[in-house]
Amino acid sequence: MSNLYSTKMAPEKILVAGMKLTQHALVYIRNFTYDENCDPGLINELAEAVHEIPNMLLNWNDTRMEELILHLKGIDRKKYPNAPNLEQRFRDILNSIED
């Protein structure tokens with residue numbers, strides 16, 4: 001298989017945390033759609049926050065962590081106060097992974 005990526009992958013710890021966070025967000029989205037009060041706007045914001053994570057992890061550079069955190073902070077917490085805090089979840093997952 002040819003090299004499809006022009007840069008290196010994220011360090012293993014960040015790669016694992018990013019993939020676990022993506023899984024967490026997708027499970028949340030799936031489960032939230034069963035809620036009768038499901039707001040499509042929140043689903044959109046959650047998907048917007050995580051859809052680029054796999055690409056960022058596969059094309060890692062010195063600015064990616066900042067960009068990743070910026071995406072995770074992108075949910076309007078005033079409009080959706082009960083939305084999951086993806087930034088904190090990512091940091092918790094990252095801190096739970098042993099070096």
Side-chain angles (χ1 to χ4, degrees):
M1 182 160 131
S2 65
N3 185 1
L4 301 175
Y5 308 102
S6 59
T7 59
K8 62 183 179 178
M9 289 175 53
E12 184 176 359
K13 188 174 177 177
I14 295 170
L15 182 66
V16 170
M19 295 309 295
K20 285 185 176 192
L21 178 72
T22 301
Q23 179 186 26
H24 169 79
L26 290 172
V27 168
Y28 182 92
I29 290 169
R30 181 197 64 206
N31 291 343
F32 187 51
T33 62
Y34 290 111
D35 186 327
E36 62 185 39
N37 298 315
C38 177
D39 185 335
L42 176 54
I43 290 174
N44 181 273
E45 291 213 17
L46 290 166
E48 185 64 33
V50 300
H51 83 276
E52 278 295 320
I53 290 176
N55 182 54
M56 287 186 226
L57 297 174
L58 290 173
N59 294 286
W60 197 253
N61 61 44
D62 293 341
T63 65
R64 286 295 194 210
M65 183 62 91
E66 183 180 334
E67 185 180 351
L68 177 64
I69 297 300
L70 185 64
H71 272 263
L72 299 179
K73 287 181 170 183
I75 296 170
D76 184 345
R77 309 269 323 149
K78 290 180 183 176
K79 187 173 182 180
Y80 305 109
N82 295 324
N85 186 330
L86 296 179
E87 177 194 6
Q88 187 59 53
R89 180 70 177 146
F90 175 72
R91 291 183 190 281
D92 290 346
I93 294 168
L94 194 59
N95 290 332
S96 74
I97 299 171
E98 295 183 21
D99 290 322

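Note that the structure is a prediction, hence the values are computed from the model and not measured. Side chains are part of it too, since the values below use all heavy atoms of this structure and drop only hydrogens, waters and symmetry mates.
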| query | Do Lys8 and Asn61 come close enough that some side-chain heavy atom pair is under 4.5 Å? | reply | no
| remark: To the nearest 0.5 Å, atom CZ of Arg77 lies from atom CD of Glu87 at 10.0 Å
| task | Starting at CG of Leu86, measure out to CG of Leu21 and round the result to the nearest 0.5 Å. | result | 5.5 Å
| field | Joint hydrophobic cluster, Leu70 plus Leu72, side-chain heavy atoms closer than 4.5 Å | value | no
| said: Minimum heavy-atom separation for Ile53 and Gly18, please, with both atom names. | reply: CG2-O, 3.7 Å
| Test item: Ile75 and Leu42 side chains (from C-beta on) under 4.5 Å apart, heavy atoms | yes
| field | CG on Asp39 to CG on Asn44, rounded to 0.5 Å | value | 10.0 Å
| message | Looking at Pro84, is its backbone amide N or carbonyl O close enough to the side chain of Arg89 to form a donor-acceptor pair, meaning the two atoms are under 3.5 Å apart? | response | no
| Over all atoms of both residues, closest heavy-atom pair of Cys38 and Ile43 | SG-CD1, 3.3 Å
| query | If only atom types and distance count, is the side chain of Glu45 paired as donor or acceptor with the main-chain N or O of Asp76 below 3.5 Å? | reply | yes
| Do you know the tightest heavy-atom contact between Leu94 and Met65? | CD2-CE, 4.3 Å
| With a 4.5 Å heavy-atom cut-off, do Leu15 and Trp60 have their side chains touching? | no
| Atom CD1 of Ile14 and atom CD1 of Ile93: how far apart are they, to the nearest 0.5 Å? | 13.0 Å
| field | Test side chain to side chain contact (heavy atoms under 4.5 Å, CB included) applied to Asn31 and Ile29, Val27, Asp35, the passing residue | value | Val27
| query | Taking everything shown except Lys73 itself, do over 12 heavy atoms lie less than 6.0 Å from its NZ? | reply | no
| Quick one: do Ile97 and Leu57 end up in the same hydrophobic cluster if we chain Ile, Leu, Val, Met, Phe, Trp and Tyr together by side-chain heavy atoms under 4.5 Å apart? | yes
| When you measure from the side chain of Asn95 to the backbone N and O of Arg91, does any donor-acceptor pair fall under 3.5 Å? | yes
| task | Output yes when a side-chain donor or acceptor of His71 lies under 3.5 Å from a complementary backbone atom of Leu68, and no otherwise. | result | no
| Gap between atom OG1 of Thr22 and atom CE of Met56 - 0.5 Å precision | 9.5 Å
| request: Quick one: closest heavy-atom pair of Phe90 and Ala17, and the distance? | output: CE1-CB, 3.7 Å
| said: Can you see whether Gln88 engages Asp92 through a side-chain donor-acceptor pair at a distance of less than 3.5 angstrom? | reply: yes
